[in-house]
Peer 1: 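Mind looking over this structure? Questions follow.
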Amino acid sequence: MASSGPTSGKKSLNTVTLLFKLPYYTQWGQSLLITGSEPALGSWNVKQGLSLSPVHQDNELIWCGKVSVAAAFTCEYKYYVVDDNKNVLRWEAGENRKLVLPSGVQEGDIIEIRDWWQDASEALFLRSAFKNVVFNATEGVKKESQSASLNKSLDPEDIVVQFVISCPRLESGSTVVVTGSNPQLGRWQAQDGLKLTYVGDSLWKAICVLRKSEFPVKYKYCQISQAGNSSLELGPNREVDIDLSSPKQSRYVVLSDGALRDEPWRGAGVAVPVFSIRSDEDLGVGEFLDLKLLVDWAVNSGFHLVQLLPINDTSVNGMWWDSYPYSSLSVFALHPLYLRVQALSDAIPADVKEEIQQAKKQLDKKDVDYEATLSSKLSIARKIFNLEKDKVLNSSSFKQFLSENEEWLKPYAAFCFLRDFFETSDHSQWGRFSQFSKEKLEKLISEGTLHHDVIHFHYYVQYHLYMQLSDAAAYARKKKVILKGDLPIGVDRNSVDTWVYPTLFRMNTATGAPPDYFDKNGQNWGFPTYNWEEMSKDNYGWWRARLTQMAKYFTAYRIDHILGFFRIWELPDHAATGLLGKFRPSIPLSQEEFLSEGLWDFNRMSRPYIRQEILEKFGSFWTVIAANFLNEYQKQCYEFKEDCNTEKKIIAKIKTSPEKSLWLEKEDSIRRGLFDLLQNVVLIRDPEDPTKFYPRFNLEDTSSFRDLDEHSKNVLRRLYYDYYFARQENLWRQNALKTLPVLLNSSDMLACGEDLGLIPACVHPVMQELGLIGLRIQRMPSEPNTEFGIPSQYSYMTVCAPSCHDCSTLRAWWEEDEGRRSRFYKTVVGSDEEPPSRCTPEVVHFIVQQHFDAPSMWAIFPLQDLLALKDKYTSRPAPEETINDPTNPRHYWRFRVHVTLESLLDDKDIQATIKGLVTSSGRSFPGKKVEGADESGEKLSKVQLNGKA
């Protein structure tokens with residue numbers, strides 16, 4: 001057993017020995033160490049931490065280490081897995097351990113601390129979503145001192161055992177006891193067991209003096225409810241033993257036993273964008289205060305979670321394009337679209353009230369009229385602002401809000417003023433204001449300027465948005481409902497953030513995704529990619545600030561496109577589609593690799609391969625195409641002209657060329673055909689290093705590839721696979737482990753990652769290691785060669801759903817493809833009969849119940865899919881309920897639920913149906929029946945699904 005690390009104190013200061021023990025299986029070249037808050041444990045410097053040595057004990061590998069400290073020693077600490085050079089490979093999850101020695105320890109005593117590795121999935125229940133919302137069982141429970149005292153003096157045969165257990169999922173009013181095989185532990189009678197004391201952070205402790213002759217002791221932890229019902233933890237008996245043969249025995253044994261073993265907790269929730277909900281009070285769009293009604297409906301339906309899309313201001317273009325919620329003008333400011341103008345004041349004049357009523361009638365449409373709604377709200381808000389600005393701006397609550405948010409609020413307000421003044425959000429067009437500086441900002445927002453009221457109006461709107469969303473968030477917490485937000489992967493290139501922090505972004509690039517389920521041509525979102533190297537200089541302060549801001553309202557969040565934290569699909573800013581990209585970071589293919597394989601014609605492989613026989617696909621029109629867009633550099637070999645050699649140049653030329661009348665009726669097909677020519681390459685040359693290359697995605701689909709010799713094809717196939725599926729894995733893993741822990745540690749929120757698309761092998765292990773919950777959509781299985789996911793086979797650390805905002809609803813998906821519908825009916829339902837062509841409530845019930853019954857921690861359903869359980873909510877054509885079409889970069893995000901939340905709250909039938917599914921699947925509080933549930937919600941048979949008796 002190793003003894004290492006510095007000592008704390010001198011012998012004259014009454015020193016004791018700490019002996020740490022932790023069972024953990026490592027791989028070759030790995031070892032464990034402890035680092036903590038005190039010098040004895042390295043003062044959080046891993047290189048100076050206490051190294052542990054392995055000892056085989058029965059079938060376990062126990063890592064041990066000891067250090068001498070003062071008897072009054074206290075500290076925080078954590079276990080780390082390191083390599084031979086003490087580089088950190090991983091660390092345990094959860095909050096830092098807190099060590100407080102039992103009172104009464106004497107000079108020379110040995111205190112043995114038996115720990116369990118803190119697993120990420122267990123630590124999730126210490127996040128605010130559970131700790132402060134769903135369970136919150138220890139609220140009001142008296143917190144006792146960490147240091148337990150003994151009521152008797154010890155003799156040589158006594159061993160002091162301290163029991164420590166984490167119970168974050170404890171039901172309100174419950175207590176914890178330890179019961180076991182000896183009298184002090186009640187001889188397995190829970191009511192006679194050793195009662196534990198709550199010491200904070202979900203930890204319960206108790207000490208017990210046992211005689212050496214009583215070891216080994218078998219025991220278990222037990223919850224006792226307020227009503228006196230006991231519930232013993234699951235799993236085998238725990239056991240504590242001591243080594244009687246050791247000449248220097250431990251006098252004290254601290255059993256840090258991890259978490260109380262219980263059935264896996266599973267919850268359910270509903271997902272809907274704020275703009276999609278409808279209420280009697282809203283003005284043309286869902287509003288933050290409507291979330292209270294949505295929370296009530298969620299509670300009545302047995303749900304513990306409401307999931308939203310991003311809610312930040314997106315007012316970049318001043319038109320309906322801004323309906324895209326993932327293109328933020330500011331990652332801190334809330335969207336004025338969600339403001340309830342009626343709640344701005346208690347003294348709104350009669351004429352303004354009349355204007356509000358007229359606007360409500362005019363904007364109460366089937367879908368959101370983005371421009372008219374936002375314009376109307378801002379116009380009304382300005383009138384109220386002009387009437388009460390002095391009162392509000394001089395109030396203590398406003399001054400506090402401004403003080404706490406000025407770091408982002410002042411630049412945001414200045415940006416909005418400059419955007420409107422210059423009539424563009426493109427800050428490169430703002431003259432001397434195009435370069436941000438704090439000095440210019442202070443002049444812009446200073447007192448006495450002609451536009452000072454404009455600046456204050458933006459403060460005013462953000463203040464009220466903050467107040468209204470905070471009100472809704474507090475209501476959700478009170479009702480034990482998690483409010484789950486969404487963290488977009490990008491920001492608009494013409495945003496406050498790129499203006500204030502230009503070095504954090506690669507402005508000559510765009511973010512997207514390679515071809516996948518959503519779009520065979522890939523996606524180009526247009527956001528600049530991140531300069532991670534620059535961001536790391538202040539330990540990702542911009543990200544930490546974003547998460548801190550989100551945590552003011554949310555207790556959980558979805559990380560949009562989490563794959564982007566491993567690697568991002570980076571496109572040149574001149575690209576319009578998402579096909580000709582590369583991963584960043586990535587290890588490119590080098591010129592030397594190709595030369596060693598006998599491939600040398602890099603121009604042939606990296607320039608668009610355009611031959612006359614390829615052009616003839618344009619039919620007789622090919623000569624017009626060649627004359628206007630191409631140069632013939634060699635007989636029957638063509639290249640693009642300088643004014644149209646990128647996708648964006650092609651779009652511009654098609655629209656502005658003097659010859660455009662020649663293709664007026666064929667503009668779309670001409671553009672697609674020219675894009676195909678431009679994309680007909682097998683390699684993409686690195687713009688910063690011409691000796692580096694990236695294989696074009698799906699290169700075998702190109703005629704450029706097909707016309708190569710067999711040797712070249714084989715080499716390219718091998719290097720393609722190596723680039724996309726082999727050589728990057730360690731790099732991407734390390735990249736994620738640099739960035740994602742910063743996000744997770746920036747707040748107490750529960751984090752879920754959207755891990756759909758082309759998933760590298762390293763992604764799921766890293767997510768599991770960090771305690772990140774993944775996403776499973778049945779029609780987009782993560783398993784290879786599978787058309788439909790099987791919810792019953794999903795892992796626990798997942799959110800499962802039949803659809804999401806980025807795809808068609810369950811009804812639309814069922815009805816849009818007859819062949820796929822039949823395959824689903826045969827393989828998933830298990831029927832050879834003809835499936836119903838319409839997605840009936842029985843079909844919806846079957847699929848929804850599959851997801852309720854899944855092992856996933858969360859089942860979260862789009863509101864449209866839940867409403868489809870009842871025929872009366874399916875009158876609208878199914879395709880109209882789709883929120884987003886990822887193949888259309890200019891999609892109008894405007895879907896509204898056609899029924900008000902008040903009406904849904906009055907519909908006891910659908911709430912009882914959903915609650916019945918929640919109850920029958922066990923997605924509620926353990927041991928608690930959900931009141932009012934429809935107990936008839938049994939699983940439907942194939943015959944019922946087909947509508948036949």
Peer 1: Can you see which heavy atom on L744 is nearest to which on R127, and at what distance?
Peer 2: O-NH1, 2.9 Å

Peer 1: Before you tell me yes or no, could you show the steps for E881 and L867 under side chain to side chain contact (heavy atoms under 4.5 Å, CB included), namely the whole-Å CA-CA distance, both residues' side-chain angles and the distance that decides it to 0.1 Å?
Peer 2: CA-CA 11 Å; E881 293 186 331; L867 295 184; over 6 Å; no

Peer 1: For the atom pair CE (M550) and CG (L743), what is the distance rounded to the nearest 0.5 Å?
Peer 2: 10.0 Å

Peer 1: Within a strict 4.5 Å, meaning less than it, do heavy atoms of the V134 and I482 side chains meet?
Peer 2: yes

Peer 1: Classify the angle between the aromatic ring planes of Y460 and H464 as parallel (below 30°), tilted (30 to 60°) or perpendicular (above 60°).
Peer 2: perpendicular

Peer 1: Give the minimum heavy-atom separation between D322 and T314, together with the two atoms involved.
Peer 2: O-OG1, 2.5 Å

Peer 1: Working to the nearest 0.5 Å, report the span between CE of M857 and CZ of R266.
Peer 2: 11.5 Å

Peer 1: Working to the nearest 0.5 Å, report the span between OG of S121 and OH of Y796.
Peer 2: 7.5 Å

Peer 1: Please name the pair of heavy atoms, one in P791 and one in P855, separated by the smallest distance, quoted to 0.1 Å.
Peer 2: O-CD, 3.2 Å

Peer 1: Decide if atom CD of E534 counts as having more than 12 heavy atoms of other residues, nucleotides or ligands within a radius under 6.0 Å.
Peer 2: yes

Peer 1: Go through it in stages, so that I can follow the logic: the residues are D865 and I847, the test is side chain to side chain contact (heavy atoms under 4.5 Å, CB included), and I'd like the CA-CA distance, side-chain angles, deciding distance and then a yes or no.
Peer 2: CA-CA 10 Å; D865 291 350; I847 295 173; over 6 Å; no

Peer 1: Parallel, tilted or perpendicular for F130 and F125, by the 30°/60° rule?
Peer 2: tilted

Peer 1: Pick one: which of W543, Y530, W732 meets ring-ring contact (aromatic ring centres under 6.0 Å, His included) with F565?
Peer 2: W543

Peer 1: Please state whether the rings of W893 and H891 are parallel, tilted or perpendicular, taking 30° and 60° as the class boundaries.
Peer 2: perpendicular

Peer 1: Quick check: closest heavy atoms across N312 and S330, and the distance to 0.1 Å?
Peer 2: CB-O, 3.3 Å

Peer 1: Side-chain contact, heavy-atom cut-off 4.5 Å: F401 with L409?
Peer 2: yes

Peer 1: Y459 and A413: which non-hydrogen atoms are nearest, and at how many Å?
Peer 2: CE2-CB, 3.5 Å

Peer 1: Is the gap between the ring centers of Y326 and H805 under 6.0 Å?
Peer 2: yes

Peer 1: Is the closest side-chain donor-acceptor distance between Y324 and N884 under 3.5 Å?
Peer 2: no

Peer 1: What do the steps show when you test Y892 against D367 for side-chain hydrogen bond (donor to acceptor under 3.5 Å, both in side chains), and what is the final call?
Peer 2: CA-CA 10 Å; Y892 196 167; D367 296 308; over 6 Å; no

Peer 1: When you check the gap from the basic side-chain N to the acidic O, do K377 and E287 get nearer than 4.0 Å?
Peer 2: yes

Peer 1: Of all heavy-atom pairs between I777 and P802, which one has the smallest distance, and what is that distance?
Peer 2: CG2-O, 4.0 Å

Peer 1: I'd like to know whether D290 forms a side-chain hydrogen bond (donor to acceptor under 3.5 Å, both in side chains) with Y338, so could you lay out the CA-CA distance, the side-chain angles of the two residues, the decisive distance to 0.1 Å, and finally the verdict.
Peer 2: CA-CA 9 Å; D290 290 327; Y338 304 128; over 6 Å; no

Peer 1: For the atom pair CZ (R477) and OG1 (T555), what is the distance rounded to the nearest 0.5 Å?
Peer 2: 7.5 Å

Peer 1: Any luck finding a side-chain donor-acceptor pair between N405 and Y466 under 3.5 Å?
Peer 2: no

Peer 1: Is D471 salt-bridged to K292, cutoff N-O under 4.0 Å?
Peer 2: yes

Peer 1: Do we see a donor-acceptor contact under 3.5 Å between the side chains of E570 and T529?
Peer 2: yes

Peer 1: Please confirm whether the backbone N or O of S166 pairs with a side-chain atom of S202, one donor and one acceptor, at under 3.5 Å?
Peer 2: no

Peer 1: Are the aromatic ring centres of W265 and W858 under 6.0 angstrom apart?
Peer 2: yes

Peer 1: Should the heavy atoms of other residues, nucleotides or ligands under 6.0 Å from CD of E783 be counted, would the total exceed 12?
Peer 2: yes

Peer 1: Could you give me the CA-CA distance, side-chain angles and deciding distance for S747 and F554, then say whether side chain to side chain contact (heavy atoms under 4.5 Å, CB included) is met?
Peer 2: CA-CA 10 Å; S747 78; F554 300 106; over 6 Å; no

Peer 1: Would you confirm whether N531, through its side chain, and R506, through its main-chain N or O, come within 3.5 Å as a donor-acceptor pair?
Peer 2: no

Peer 1: Checking side-chain polar atoms at under 3.5 Å, does E122 have a donor or acceptor matched by the opposite partner on Q118?
Peer 2: no

Peer 1: Judged by atom type as modelled, is there a donor-acceptor pair below 3.5 Å linking the side chain of T882 to the main-chain atoms of S808?
Peer 2: no

Peer 1: Do the side chains of D755 and R776 get close enough for a salt bridge, i.e. N-O under 4.0 angstrom?
Peer 2: yes

Peer 1: For residues R584 and I568, determine if any side-chain heavy atom of one lies less than 4.5 Å from a side-chain heavy atom of the other.
Peer 2: yes

Peer 1: Strictly under 6.0 Å, is that where the ring centroids of Y79 and W91 end up?
Peer 2: no

Peer 1: With a 6.0 Å cut-off (strictly less than), is the heavy-atom count around CH2 of W321, excluding the residue itself, greater than 12?
Peer 2: no

Peer 1: Can a salt bridge be assigned to the pair E171 and K480 using a cut-off of 4.0 Å between side-chain N and carboxylate O?
Peer 2: no

Peer 1: Is the distance between the ring centroids of F861 and F852 under 6.0 Å?
Peer 2: yes

Peer 1: Mind running side chain to side chain contact (heavy atoms under 4.5 Å, CB included) on F332 and L334 for me, showing each step along the way?
Peer 2: CA-CA 7 Å; F332 300 101; L334 298 172; over 6 Å; no

Peer 1: Answer yes or no: is there a donor N or O on one side and an acceptor on the other, between the side chain of Q728 and the main chain of P585, under 3.5 Å?
Peer 2: no

Peer 1: Check each of T809, L309, D806 against I883 using the side-chain contact (heavy atoms from CB on, under 4.5 Å) test, and report the only one that passes.
Peer 2: L309

Peer 1: Can D492 and S327 be counted as having a side-chain donor-acceptor contact under 3.5 angstrom?
Peer 2: yes

Peer 1: Quick one: does any side-chain atom of K78 pair with a main-chain N or O of G94 as donor and acceptor, under 3.5 Å?
Peer 2: yes

Peer 1: Does the pair D497 and R546 meet the rule for a salt bridge (charged side-chain N to carboxylate O under 4.0 Å, His left out), with working shown?
Peer 2: CA-CA 11 Å; D497 300 279; R546 284 184 75 178; over 6 Å; no

Peer 1: Less than 3.5 Å apart, any donor N or O on the side chain of Q850 or Q778 sitting next to an acceptor on the other?
Peer 2: yes

Peer 1: Heavy-atom distance under 4.5 Å between the side chains of L260 and R169, does that happen here?
Peer 2: no

